[in-house]
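This structure is in structure tokens; I'll ask about it shortly.
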Amino acid sequence: MNRSVAAQRVWRARSPRSVADRAYIVYAAVLVAFVLVSPVARAIWVGITTPSAVVVLTSPVLPTAVAYGVLVLWIVALAAGPMRGPALLPTFLSWSLGGSDVPRRRSHRGPLVLSFSALVALTALAAVLPAGSLLSHGLVTLRSAAMFVLAGAEAGAITFGLWLAAQVSPRGGSAGGAALVGLGIVGTVIPQVGGVLPWTWVASTYPSATAAPGSLIPVGLGMLMMVVVAIAMTGLERLGTDDLVAQATQWEMARTRAMTLDLDAASATYRVTPSIGRSVRAVPRTRSLLSVFVIRGLVGALRTPGRFIIGTATIVVAGFLMADALQPSGRGGILGAAAGLLLYLGLGPLTDGLRHAARVVSSSQFYGVSDEVLMALHAVMPLVVGAVASTVGAALLPGGPQPMAIAVAVLATVMSLGVRVGNALKGPLPSVLLTPAPTALGDPMPFVQLLWAMDSIVLALLVGLSVASVRLGTTSVVGVVTVVAAMTWFRWNRRP
Amino acid sequence: MIGLPPFAPDLTVKDHVALVAATWMADADEASVVSQNVMGALGLEELGTRYPHELSSAQTQLFGLGLALARPFDVLILDEPEQRLDSVWLAVVTDTLVKLRDDGATLVVASHSPALTERLADRTLELGAVV
């Protein structure tokens with residue numbers, strides 16, 4: 001018997017399931033399919049086949065959006081590989097199988113096949129939805145739709161190859177990611193160059209009634225897929241056992257934290273550690289407490305330069321979207337929500353000090369300053385950097401800087417920072433939320449727990465939506481500010 | 001100290017050893033024999049159905065040694081294998097290591113235990129001797 005199979009057989013036998021357990025799993029799966037998956041799938045299909053959706057799907061900018069979507073997906077795959085790659089087994093299996101002479105392609109076949117299949121299925125499904133919608137309205141031919149779905153599946157396979165390649169060679173992954181960002185910029189500035197880049201190949205198969213894509217494109221993507229996957233699989237055998245065990249340990253830790261709904265701690269598992277500037281003085285010789293905290297926060301953030309740059313760039317994009325949301329285009333809500341979410345995410349790398357302060361004020365008073373002042377001092381740096389970045393983003397709007405757009409972007413930044421403060425003070429899941437509350441309609445507590453875990457994300461979306469509608473009135477902004485302030489005040493008063 | 005691997009919390013002691021043996025041995029029968037021999041040599045049979053978190057410090061030390069012995073090796077390097085062991089368990093470990101040596105295995109051991117080194121070592125290198 002294959003030794004990898006023998007070892008995995010011992011592993012799977014560790015918690016044998018009774019017939020009743022298995023029957024229950026089947027029952028639960030069928031129930032979830034009927035109660036959740038089926039209505040959601042139907043709602044998505046109905047939504048994407050409405051006339052208004054078809055107008056969006058036939059928009060001339062959509063192929064460009066597809067191209068950038070594929071580019072971002074590939075960059076994300078290259079960034080994710082060094083932290084959590086597709087070749088991942090449970091920690092003890094990683095140690096025992098990884099340390100043996102069983103070839104990696106055999107010992108890790110299961111997770112590799114699963115990751116490959118999942119990515120190909122997801123990207124193919126993402127292509128099926130618009131292609132199917134356009135086909136159902138008779139706007140494109142079956143061949144044109146099928147070509148796009150095929151290109152989508154191939155893009156998924158390339159994503160898998162890049163993800164694995166970055167796991168095998170983190171340095172190569174970083175270089176590849178930087179190269180893709182650079183090529184993306186060059187392709188945007190010089191459209192002639194952009195036309196030959198692989199992500200635009202996928203976009204060029206986007207189904208259209210007027211132009212039929214050449215059949216060479218799926219062939220080209222298929223060849224690229226084979227090259228990328230082959231390179232990654234060849235390098236797989238060089239992947240060290242220590243690296244495999246480290247990734248497996250980190251993943252299990254993140255999963256455990258996520259299962260306790262501590263999403264902040266789960267994401268912190270993958271937070272990069274400081275790489276540069278350790279010798280740079282973080283605490284300046286000055287009597288100004290404000291200067292001390294601002295400089296210390298900046299130096300701390302710059303010690304993880306990649307994270308700082310990505311965070312700041314995200315806020316710039318958010319500022320642009322926020323300003324664009326004010327334009328009378330009918331897309332204000334979507335743009336505002338996206339801007340709110342990006343602002344919240346972008347402020348993450350700038351608010352390490354704030355999170356630290358929230359932990360410190362929970363125990364005892366340090367540094368000779370009150371708890372309130374400590375939090376306020378730590379909020380200054382992210383506030384200034386965030387406001388400047390969102391102002392830059394808002395000023396990039398076509399037509400030049402507009403005071404209203406800039407004011408709105410800064411307002412959204414301040415509100416998002418408020419959400420960040422509330423999130424920093426959050427603490428563990430209150431035990432009262434773990435108490436079942438049976439009602440005639442079932443137990444709503446799992447939903448409440450989920451809402452508690454996701455509250456900052458929900459508030460971030462509400463911030464964006466409310467600020468985007470500020471031209472219609474300030475009621476919603478005042479409402480969201482009140483909710484954020486009340487939540488923060490409540491958590492502040494309940495701190496240990 | 002024996003380099004302890006990341007134990008699986010829901011895998012019994014016996015299954016940990018069996019899994020490592022299965023990873024290295026040519027067939028399931030051989031893996032089973034190796035697994036039983038290791039468990040027997042270290043007196044781990046009674047602990048076979050326990051989970052790692054149910055073991056004492058000394059038992060965990062023996063368990064770690066068991067996992068090391070469940071796979072083939074050219075040289076076995078042990079850093080203070082006597083750590084956390086009382087005299088009874090130390091005798092078990094010493095007997096096991098002596099038998100390995102007598103069977104032709106090469107062992108490199110860093111130890112603070114004269115009792116262990118006297119019985120086990122063909123050659124010793126004393127570092128920073130205290131007068």
Side-chain angles (χ1 to χ4, degrees), chain A residues 1-18 21 25 84 87-111 237 239-260 269, chain B residues 1-39 44-45 47-55 59-61 63-79:
Chain A
M1 190 199 301
N2 179 336
R3 285 184 287 149
S4 172
V5 172
Q8 303 224 21
R9 185 168 290 176
V10 177
W11 178 256
R12 277 196 295 272
R14 72 194 186 284
S15 45
R17 289 196 176 101
S18 66
D21 284 348
I25 290 170
R84 199 282 187 205
L88 198 78
L89 289 167
T91 311
F92 184 70
L93 271 183
S94 294
W95 176 81
S96 54
L97 278 171
S100 75
D101 58 351
V102 177
R104 300 252 189 275
R105 63 181 177 282
R106 186 173 294 167
S107 61
H108 289 72
R109 181 181 293 159
E237 299 305 326
L239 196 53
T241 306
D242 288 347
D243 295 331
L244 286 170
V245 171
Q247 282 210 359
T249 307
Q250 211 170 14
W251 175 244
E252 279 181 14
M253 196 185 293
R255 244 181 24 171
T256 306
R257 288 171 170 176
M259 282 169 77
T260 60
T269 312
Chain B
M1 192 186 82
I2 295 164
L4 296 175
F7 302 126
D10 53 353
L11 197 65
T12 61
V13 167
K14 187 178 67 181
D15 286 342
H16 270 88
V17 178
L19 194 151
V20 174
T23 307
W24 285 93
M25 302 307 153
D27 57 56
D29 292 339
E30 192 184 348
S32 176
V33 169
V34 168
S35 174
Q36 283 172 15
N37 287 346
V38 168
M39 298 284 288
L44 288 170
E45 296 107 322
L47 308 175
T49 54
R50 291 199 195 171
Y51 293 101
H53 64 273
E54 295 173 334
L55 301 178
Q59 290 165 344
T60 304
Q61 181 82 341
F63 177 33
L65 182 59
L67 291 177
L69 299 181
R71 50 171 290 178
F73 55 85
D74 296 323
V75 180
L76 187 62
I77 301 173
L78 301 168
D79 186 8

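Bear in mind that the values here come from a model prediction, so they are computed numbers and not experimental data. Order of the sequence lines fixes the chain letters, A, B, ..., with proteins taken first and strands second; residue numbering starts at 1 for each chain.
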Residue pair Ala8(B) / Trp11(A): nearest heavy atoms and the distance that separates them: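 In this case the closest contact between Ala8(B) and Trp11(A) is CB-CZ3, 3.5 Å.
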
Go through the steps for Leu19(B) and Leu93(A) under the test side chain to side chain contact (heavy atoms under 4.5 Å, CB included), then give the verdict. CA-CA 9 Å; Leu19(B) 194 151; Leu93(A) 271 183; 3.8 Å; yes

Non-hydrogen atoms of Phe92(A) and Phe7(B) that approach each other most closely: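 Minimum heavy-atom contact is CD1-CA, 4.2 Å.
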
Heavy-atom pair with the smallest gap, counting every atom of Arg3(A) and Met25(B):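 Shortest heavy-atom separation between Arg3(A) and Met25(B) comes out as CD-O, 3.1 Å.
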
Between Ser107(A), Gly99(A), Ala248(A), Pro90(A), which has the largest tally of heavy atom pairs under 4.5 Å with chain B?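 Looking at each option in turn, the highest pair count goes to Gly99(A).
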
Relative to chain A, which segment of Thr23(B) carries a heavy atom at a distance below 4.5 Å: side chain, backbone, both, or neither?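 Thr23(B) touches chain A through backbone and side-chain heavy atoms alike.
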
Verdict with reasoning, Asp101(A) to Trp24(B), per side chain to side chain contact (heavy atoms under 4.5 Å, CB included): CA-CA 8 Å; Asp101(A) 58 351; Trp24(B) 285 93; 3.8 Å; yes

Closest approach of Val10(A) and Asp15(B), non-hydrogen atoms and distance?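 In this case the closest contact between Val10(A) and Asp15(B) is CG1-O, 3.6 Å.
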
